[in-house]
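Encoded as structure tokens, the structure appears first; notes follow it.
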Amino acid sequence: MITAVLLHVWLRLQVVRMGYVLSTTSKLQARLEQENRELKVELATLTSPDRLEALARQRLGLSQPEK
């Protein structure tokens with residue numbers, strides 16, 4: 001009888017612990033997904049053709065080739 005009660009308590013503690021682990025993992029996943037979205041936007045901004053052309057003209061002094 002006592003063994004069954006102790007087993008039940010132990011199992012309940014494991015369920016609670018796994019709930020905390022799942023909650024923490026879910027929060028981490030959400031944070032990483034948000035960071036991934038932000039980095040994709042930053043990458044798109046930094047590699048846009050208009051921005052790269054402006055940098056080539058300003059910093060490197062490049063221009064369109066003549067025909």
Side-chain angles (χ1 to χ4, degrees):
M1 178 72 172
I2 290 180
T3 305
V5 170
L6 289 175
L7 178 62
H8 177 73
V9 169
W10 181 80
L11 287 173
R12 293 298 299 162
L13 288 173
Q14 292 303 312
V15 167
V16 169
R17 185 178 69 81
M18 293 308 282
Y20 285 127
V21 169
L22 181 60
S23 174
T24 302
T25 304
S26 295
K27 289 177 186 175
L28 176 60
Q29 179 183 3
R31 193 182 85 220
L32 290 173
E33 286 173 350
Q34 177 63 31
E35 184 178 346
N36 189 324
R37 284 189 295 272
E38 291 170 4
L39 287 171
K40 285 180 180 179
V41 169
E42 183 178 357
L43 177 64
T45 301
L46 292 174
T47 59
S48 74
D50 292 338
R51 180 182 177 277
L52 293 176
E53 182 179 351
L55 286 174
R57 289 179 188 276
Q58 293 168 0
R59 291 189 183 173
L60 302 175
L62 299 179
S63 63
Q64 289 285 340
E66 295 180 15
K67 294 183 179 179

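Computed from heavy atoms alone, side chains included, the values below leave out hydrogens, waters and symmetry copies. In this chain, residues are counted from 1 in sequence order.
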Of the non-hydrogen atoms in Leu52 and Thr47, which two are nearest, and what is the gap between them?
-> CD1-O, 3.6 Å

List, one per line, each side-chain donor-acceptor pair under 3.5 Å for residues 38-45, sequence neighbours excluded.
unit_1, atom_1, unit_2, atom_2, d
Glu38, OE2, Gln34, NE2, 3.0
Thr45, OG1, Val41, O, 2.9

Residues clustered with Met18, ILVMFWY side-chain links under 4.5 angstrom | none

Students should find that the hydrophobic cluster of Val15, defined by side-chain heavy atoms under 4.5 Å apart, otherwise consists of none

Students should find that the hydrophobic cluster of Leu32, defined by side-chain heavy atoms under 4.5 Å apart, otherwise consists of Leu28

Output every pair passing salt bridge (charged side-chain N to carboxylate O under 4.0 Å, His left out) with a member in residues 18-37, not counting sequence neighbours, ordered by first then second residue.
-> none

Identify every side-chain donor-acceptor pair in residues 56-66 under 3.5 Å, counting partners at least two apart or on other chains, and give the distances.
unit_1, atom_1, unit_2, atom_2, d
Arg57, NE, Glu53, OE2, 3.3
Arg57, NH2, Glu53, OE2, 2.8

Tell me which donor-acceptor pairs under 3.5 Å the side chains of residues 2-14 have, and how far apart each pair is, sequence neighbours excluded?
unit_1, atom_1, unit_2, atom_2, d
Gln14, OE1, Arg17, NE, 3.4
Gln14, OE1, Arg17, NH2, 3.1

Excluding Val16, membership of its hydrophobic cluster (Ile, Leu, Val, Met, Phe, Trp, Tyr; side-chain heavy atoms within less than 4.5 Å) reads Tyr20

